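None of these values were measured; they are calculated from a predicted model.
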Amino acid sequence: MSRVPVLTDKAPKPRPIYSQAIVANGLVFCSGQLPKDLNGKIVEGTVQDRTHQCIANLRAVLEAAGSSLDNVVEVNVFLSDMDDFAKVNEVYEQYWGDIKPARTCVAVKTLPDRTDVEIKCVGLIKPKSNL
(Lines give C-alpha, C1' and ligand atoms only; values in the text may rest on other atoms or scores of the structure.)
Protein backbone atom coordinates (compact mmCIF):
# COMPACT_ATOMS: atom_id res chain seq x y z
CA MET A 1 0.00 0.00 0.00
CA SER A 2 1.34 3.42 -0.87
CA ARG A 3 0.74 6.52 1.20
CA VAL A 4 0.97 9.88 -0.52
CA PRO A 5 1.08 13.09 1.53
CA VAL A 6 -1.02 16.06 0.45
CA LEU A 7 0.22 19.63 0.77
CA THR A 8 -1.55 22.66 -0.67
CA ASP A 9 -0.93 26.35 -0.21
CA LYS A 10 -4.71 26.89 -0.40
CA ALA A 11 -5.05 25.77 3.22
CA PRO A 12 -3.03 26.76 6.28
CA LYS A 13 0.41 25.23 6.43
CA PRO A 14 0.50 22.22 8.76
CA ARG A 15 2.83 21.93 11.70
CA PRO A 16 5.93 19.89 10.83
CA ILE A 17 4.68 16.87 12.79
CA TYR A 18 1.84 15.94 10.40
CA SER A 19 0.55 16.16 6.81
CA GLN A 20 -2.54 18.06 5.73
CA ALA A 21 -3.80 14.72 4.44
CA ILE A 22 -2.65 11.29 3.34
CA VAL A 23 -4.01 9.50 0.27
CA ALA A 24 -4.10 5.71 0.55
CA ASN A 25 -6.17 3.00 -1.18
CA GLY A 26 -8.55 5.44 -2.89
CA LEU A 27 -9.24 7.43 0.28
CA VAL A 28 -8.01 10.79 1.52
CA PHE A 29 -7.55 11.07 5.27
CA CYS A 30 -7.59 14.76 6.18
CA SER A 31 -5.94 15.98 9.35
CA GLY A 32 -8.02 18.11 11.65
CA GLN A 33 -8.41 21.62 10.32
CA LEU A 34 -8.48 24.55 12.66
CA PRO A 35 -10.31 27.74 11.67
CA LYS A 36 -7.12 29.43 10.46
CA ASP A 37 -6.72 31.71 7.48
CA LEU A 38 -3.84 31.29 5.04
CA ASN A 39 -1.62 33.41 7.29
CA GLY A 40 -2.11 30.92 10.12
CA LYS A 41 -4.33 33.18 12.23
CA ILE A 42 -7.53 31.95 13.86
CA VAL A 43 -10.45 33.77 12.24
CA GLU A 44 -12.36 36.15 14.47
CA GLY A 45 -16.11 36.27 14.89
CA THR A 46 -18.52 33.55 15.91
CA VAL A 47 -18.19 29.79 16.17
CA GLN A 48 -20.19 29.72 12.92
CA ASP A 49 -17.51 31.84 11.21
CA ARG A 50 -14.84 29.49 12.47
CA THR A 51 -16.82 26.42 11.36
CA HIS A 52 -17.06 27.85 7.83
CA GLN A 53 -13.27 28.35 7.88
CA CYS A 54 -12.60 24.77 9.04
CA ILE A 55 -14.74 23.44 6.19
CA ALA A 56 -13.13 25.80 3.65
CA ASN A 57 -9.73 24.47 4.71
CA LEU A 58 -10.94 20.88 4.40
CA ARG A 59 -12.34 21.65 0.93
CA ALA A 60 -8.94 22.97 -0.20
CA VAL A 61 -7.10 19.90 1.11
CA LEU A 62 -9.66 17.50 -0.36
CA GLU A 63 -9.45 19.19 -3.77
CA ALA A 64 -5.65 19.07 -3.69
CA ALA A 65 -5.96 15.33 -3.08
CA GLY A 66 -8.37 14.81 -6.00
CA SER A 67 -11.52 14.67 -3.91
CA SER A 68 -14.24 17.09 -2.78
CA LEU A 69 -16.71 17.76 0.00
CA ASP A 70 -19.26 15.75 -2.02
CA ASN A 71 -17.05 12.66 -1.66
CA VAL A 72 -16.66 12.85 2.13
CA VAL A 73 -17.72 9.65 3.89
CA GLU A 74 -16.83 10.48 7.49
CA VAL A 75 -16.50 13.68 9.54
CA ASN A 76 -15.25 14.20 13.08
CA VAL A 77 -16.07 17.49 14.81
CA PHE A 78 -14.31 18.55 17.99
CA LEU A 79 -15.85 21.29 20.14
CA SER A 80 -14.49 22.93 23.25
CA ASP A 81 -18.07 23.64 24.37
CA MET A 82 -21.08 21.45 23.53
CA ASP A 83 -23.27 24.53 23.92
CA ASP A 84 -21.99 25.35 20.39
CA PHE A 85 -23.38 22.09 18.94
CA ALA A 86 -26.50 23.63 17.34
CA LYS A 87 -24.56 26.64 16.00
CA VAL A 88 -21.98 24.39 14.35
CA ASN A 89 -24.76 22.23 12.89
CA GLU A 90 -26.34 25.34 11.30
CA VAL A 91 -23.18 25.76 9.26
CA TYR A 92 -22.38 22.07 8.78
CA GLU A 93 -25.69 21.27 7.10
CA GLN A 94 -25.01 23.90 4.41
CA TYR A 95 -22.16 21.80 3.00
CA TRP A 96 -23.54 18.30 2.60
CA GLY A 97 -26.57 17.36 0.49
CA ASP A 98 -28.90 14.41 0.64
CA ILE A 99 -26.22 11.86 1.49
CA LYS A 100 -24.71 13.00 4.76
CA PRO A 101 -21.32 11.61 5.83
CA ALA A 102 -21.09 9.47 8.92
CA ARG A 103 -20.23 11.85 11.75
CA THR A 104 -18.96 12.09 15.28
CA CYS A 105 -19.04 15.24 17.39
CA VAL A 106 -17.21 15.24 20.67
CA ALA A 107 -16.44 17.76 23.36
CA VAL A 108 -12.80 18.19 24.25
CA LYS A 109 -11.19 20.08 27.08
CA THR A 110 -9.11 22.33 24.82
CA LEU A 111 -8.10 22.60 21.19
CA PRO A 112 -4.86 23.88 19.65
CA ASP A 113 -4.48 27.65 19.66
CA ARG A 114 -7.39 27.84 22.11
CA THR A 115 -9.99 27.72 19.34
CA ASP A 116 -13.48 26.33 19.85
CA VAL A 117 -13.83 24.03 16.82
CA GLU A 118 -11.71 21.62 14.77
CA ILE A 119 -12.95 19.32 12.00
CA LYS A 120 -11.36 16.35 10.23
CA CYS A 121 -12.71 14.04 7.55
CA VAL A 122 -12.17 11.09 5.24
CA GLY A 123 -13.13 11.29 1.58
CA LEU A 124 -13.15 9.14 -1.52
CA ILE A 125 -10.80 10.01 -4.37
CA LYS A 126 -12.70 10.87 -7.54
CA PRO A 127 -12.15 8.30 -10.28
CA LYS A 128 -10.12 9.65 -13.19
CA SER A 129 -12.04 10.12 -16.43
CA ASN A 130 -10.79 8.21 -19.47
CA LEU A 131 -11.94 10.93 -21.85
Original post:
Mind checking whether Phe78 and Lys120 have side chains closer than 4.5 Å, heavy atoms only?
Top reply: yes

**OP:** Report yes or no: does Ser31 contribute a side-chain atom to a donor-acceptor pair with the main-chain N or O of Ser19 at less than 3.5 Å?
**Re:** yes

Subject >> Value rounded to 0.5 Å, distance of CZ in Arg114 from CD1 in Ile42 >> reply: 12.0 Å

**OP:** Name all residues meeting the side chain to side chain donor-acceptor pair (under 3.5 Å) criterion together with Asn89; count only those two or more places apart in sequence or in a different chain, and write none if there are none.
**Re:** Arg103

Original post:
So do the side chains of Pro5 and Ile22 get within less than 4.5 Å of each other, counting heavy atoms only?
Top reply: yes

Original post:
Does some side-chain heavy atom of Asp84 sit less than 4.5 Å from a side-chain heavy atom of Val117?
Top reply: no

**OP:** Step through the shown structure and confirm whether more than 12 heavy atoms of other residues, nucleotides or ligands are within 6.0 Å of NZ on Lys10.
**Re:** no

Original post:
Would you say Glu118's side chain and Pro112's backbone share a donor-acceptor pair under 3.5 angstrom?
Top reply: no

Subject >> Nearest non-hydrogen partners of Val91 and Tyr95, listed with the distance >> reply: O-CD1, 3.3 Å

**OP:** For residues His52 and Gln94, report the shortest heavy-atom separation together with the two atoms involved.
**Re:** CE1-OE1, 3.5 Å

Original post:
With distance as the sole test, does Asp37 use its side chain to make a donor-acceptor pair with the main-chain N or O of Asn39 at under 3.5 Å?
Top reply: yes

Subject >> Verify same cluster id: Val43, Leu38 (apolar side-chain graph, 4.5 Å) >> reply: no

Throw together a table of side-chain donor-acceptor distances under 3.5 angstrom for residues 56-68, partners on residues two or more places apart or in other chains.
| residue | atom | partner | partner atom | Å |
| --- | --- | --- | --- | --- |
| Asn57 | OD1 | Gln53 | NE2 | 3.0 |
| Asn57 | ND2 | Leu34 | O | 3.0 |
| Asn57 | ND2 | Lys36 | O | 3.0 |
| Asn57 | ND2 | Gln53 | O | 3.4 |
| Ser67 | OG | Leu124 | O | 2.5 |
| Ser68 | OG | Asp70 | N | 3.2 |

Subject >> Any side-chain heavy-atom pair of Trp96 and Ile55 under 4.5 Å >> reply: yes

Original post:
Where do Thr115 and Leu111 come nearest, in terms of heavy atoms and distance?
Top reply: O-CB, 3.6 Å

**OP:** Output all residues satisfying side chain to side chain donor-acceptor pair (under 3.5 Å) with Asp116, sequence neighbours left out; order by chain, then residue number.
**Re:** Arg50

Original post:
Side-chain heavy atoms under 4.5 angstrom apart, residues restricted to Ile, Leu, Val, Met, Phe, Trp, Tyr: same cluster for Val6 and Tyr18?
Top reply: no

Original post:
What heavy-atom pair brings Ala107 and Met82 nearest, and what distance separates the two atoms?
Top reply: CB-CG, 3.5 Å

Original post:
Shared ILVMFWY cluster between Ile125 and Leu69, side chains joined below 4.5 angstrom?
Top reply: yes

Subject >> same_hphob_cluster(Val77, Phe85) at 4.5 Å side-chain heavy-atom cutoff >> reply: yes

Subject >> Shared hydrophobic cluster, Ile119 / Val47 (ILVMFWY, side-chain heavy atoms < 4.5 Å) >> reply: yes

Original post:
At what distance, to the nearest 0.5 angstrom, does SG of Cys54 lie from CD of Gln33?
Top reply: 7.5 Å

**OP:** Check whether any side-chain heavy atom of Tyr92 sits under 4.5 Å from a side-chain heavy atom of Pro101, and report yes or no.
**Re:** yes

